Amino acid sequence: MRRAITLATNNVTSGNGGPFGAVITHDGVLIGEGSNQVTSSCDPTAHAEILAIRAACKKLNSYNLAGCIIYTSCEPCPMCLSAIYWSRIKTIYYGNTKSDAAVIGFDDQHIYREVTLPVSQRSILMEQILSEEAIISFQNWSKSTDKIEY
């Protein structure tokens, strides 16, 4: 956790992004780390947890991080929390809360509210189109005998 906090603090000092850092361990060994690079990389998905997950997956040569632990300087945002679930990390330890983050301008409460709304009531227009064409890739996946399921 101290490494995640150091990454977050150094990130502020360096001007590379927001005050967030994350590390991932497997069997007590650090296998991935990241600090927020949203503004320096012009990438809204470049959160500390996402970058740490990418580094850990590359290190293990696997999309599956089961058995790993993530230490993050702040409670993960909805995107990062989803990525943590998708990666199958088993434990999250965090320093600051989402309420602490909101106080300094990183408030994700609007996202938590949006995902509970019906699609028709969300602030971003969502409309299904070309469903007859889109379903073909799902049908092909379902029939495939050489797919790698995850």
Side-chain angles (χ1 to χ4, degrees), residues 1 3-5 7-9 11-12 15-26 30-144 147-150:
M1 177 59 92
R3 177 65 182 153
I5 293 167
L7 287 168
T9 303
N11 209 47
V12 173
N16 285 329
F20 304 98
V23 300
I24 297 174
T25 63
H26 185 262
L30 187 135
I31 60 167
E33 65 180 29
S35 57
N36 182 286
Q37 304 294 309
V38 169
T39 56
S40 60
S41 68
C42 297
D43 179 355
T45 68
H47 290 202
E49 297 91 338
I50 299 296
L51 298 178
I53 289 169
R54 290 175 184 165
C57 288
K58 186 174 183 179
K59 176 81 170 180
L60 295 181
N61 194 33
S62 176
Y63 61 87
N64 188 332
L65 299 179
C68 292
I69 297 171
I70 188 167
Y71 299 84
T72 179
S73 63
C74 186
E75 185 177 357
C77 74
M79 175 183 68
C80 293
L81 185 59
S82 296
I84 291 166
Y85 274 102
W86 277 113
S87 70
R88 296 176 177 83
I89 290 174
K90 69 174 185 170
T91 305
I92 304 169
Y93 293 107
Y94 62 92
N96 297 308
T97 67
K98 61 184 177 184
S99 297
D100 297 328
V103 169
I104 63 165
F106 295 93
D107 190 356
D108 299 321
Q109 196 55 43
H110 66 288
I111 299 171
Y112 288 107
R113 278 192 305 274
E114 284 282 312
V115 297
T116 64
L117 294 174
V119 170
S120 63
Q121 294 178 17
R122 293 182 183 165
S123 63
I124 295 176
L125 175 65
M126 292 182 66
E127 183 178 343
Q128 185 179 21
I129 62 171
L130 300 176
S131 59
E132 299 84 12
E133 294 177 34
I135 198 68
I136 294 169
S137 60
F138 280 20
Q139 292 166 342
N140 290 344
W141 172 263
S142 182
K143 294 174 194 172
S144 176
K147 63 187 168 207
I148 299 172
E149 295 196 31
Y150 58 97

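Only a predicted model underlies this, so the values are computations on that prediction, with no experimental measurement involved.
Side chains of Lys147 and Trp141 form a contact here, defined as non-hydrogen atoms less than 4.5 Å apart. When side chains are defined from C-beta on, Asn96 does not count as touching Pro19, because their heavy atoms never get closer than 4.5 Å. Under the 4.5 Å side-chain criterion, counting only non-hydrogen atoms from C-beta, Ile31 is in contact with Cys68. In this structure the side chain of Ile92 reaches within 4.5 angstrom of the side chain of Pro76, judged on heavy atoms.
To the nearest 0.5 Å, atom CD1 of residue Ile111 and atom CZ of residue Arg113 are 10.0 Å apart. Here OG of Ser87 is found 13.0 Å from OH of Tyr150. Values are rounded to the nearest 0.5 Å. For the atom pair CZ (Arg122) and OG1 (Thr116), the distance works out to 8.0 Å, reported to the nearest 0.5 Å. Going from atom CD of Glu33 over to atom CD1 of Ile53 covers 14.0 Å, rounded to the nearest 0.5 Å. With rounding to the nearest 0.5 angstrom, the SG atom of Cys77 is 12.0 Å from the CG atom of Asp107.
Side-chain N or O atoms of Asn11 include one that pairs as donor or acceptor with a backbone N or O of Asn36 at under 3.5 Å. Under the 3.5 Å distance criterion, the side-chain polar atoms of Ser142 are left unmatched by any main-chain donor or acceptor of Phe138. Using a distance-only test at 3.5 Å, with no hydrogens or angles considered, a donor-acceptor pair links the side chain of Glu114 to the main chain of Ser123. Remark: side-chain polar atoms of Ser73 are paired, donor with acceptor, to backbone N or O of Gly21 under 3.5 angstrom.
Defined by atom type and a distance below 3.5 Å, a donor-acceptor pair is missing between the side-chain atoms of Asn140 and Ser137.
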Derivation and outcome, side-chain contact (heavy atoms from CB on, under 4.5 Å), residues Asp108 and Lys98: CA-CA 8 Å; Asp108 299 321; Lys98 61 184 177 184; 5.8 Å; no

What verdict does the side-chain contact (heavy atoms from CB on, under 4.5 Å) test give for Ser35 and Leu51, after you've listed the backbone C-alpha separation in whole Å, the side-chain angles of each residue and the deciding distance to 0.1 Å? CA-CA 7 Å; Ser35 57; Leu51 298 178; 6.0 Å; no

Go through Leu81 and Glu75 one step at a time and tell me if the side-chain contact (heavy atoms from CB on, under 4.5 Å) criterion holds. CA-CA 9 Å; Leu81 185 59; Glu75 185 177 357; over 6 Å; no

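Counted within 6.0 Å of OH on Tyr63, heavy atoms from surrounding residues, nucleotides or ligands total more than 12; the atom is thus considered enclosed. By the neighbour-count criterion of 12 heavy atoms within 6.0 Å, atom CD of Gln128 is sparsely surrounded, having that number or fewer from other residues, nucleotides or ligands.
Contact between Leu60 and Leu65 at its shortest, heavy atoms only, is CD1-CD2, 3.7 Å. Annotation for Arg3 and Leu30: closest pair CG-CD1, 4.3 Å, computed over non-hydrogen atoms. Here the closest non-hydrogen pair linking Ile50 and Met79 is CG1-CE, 4.0 Å. Taking both residues in full, the closest heavy atoms of Glu49 and Thr72 are given as OE2-OG1, 2.8 Å, listed atom of the first, atom of the second, then distance. Between Leu7 and Gly34, the closest heavy-atom pair is CD1-O, 3.8 Å. Here the shortest heavy-atom pairing between Ala46 and Ser41 reads CB-OG, 3.6 Å.
Taking the six-membered ring for Trp and thresholds of 30 and 60 degrees, Tyr93 and Tyr71 have nearly parallel ring planes, at less than 30 degrees apart.
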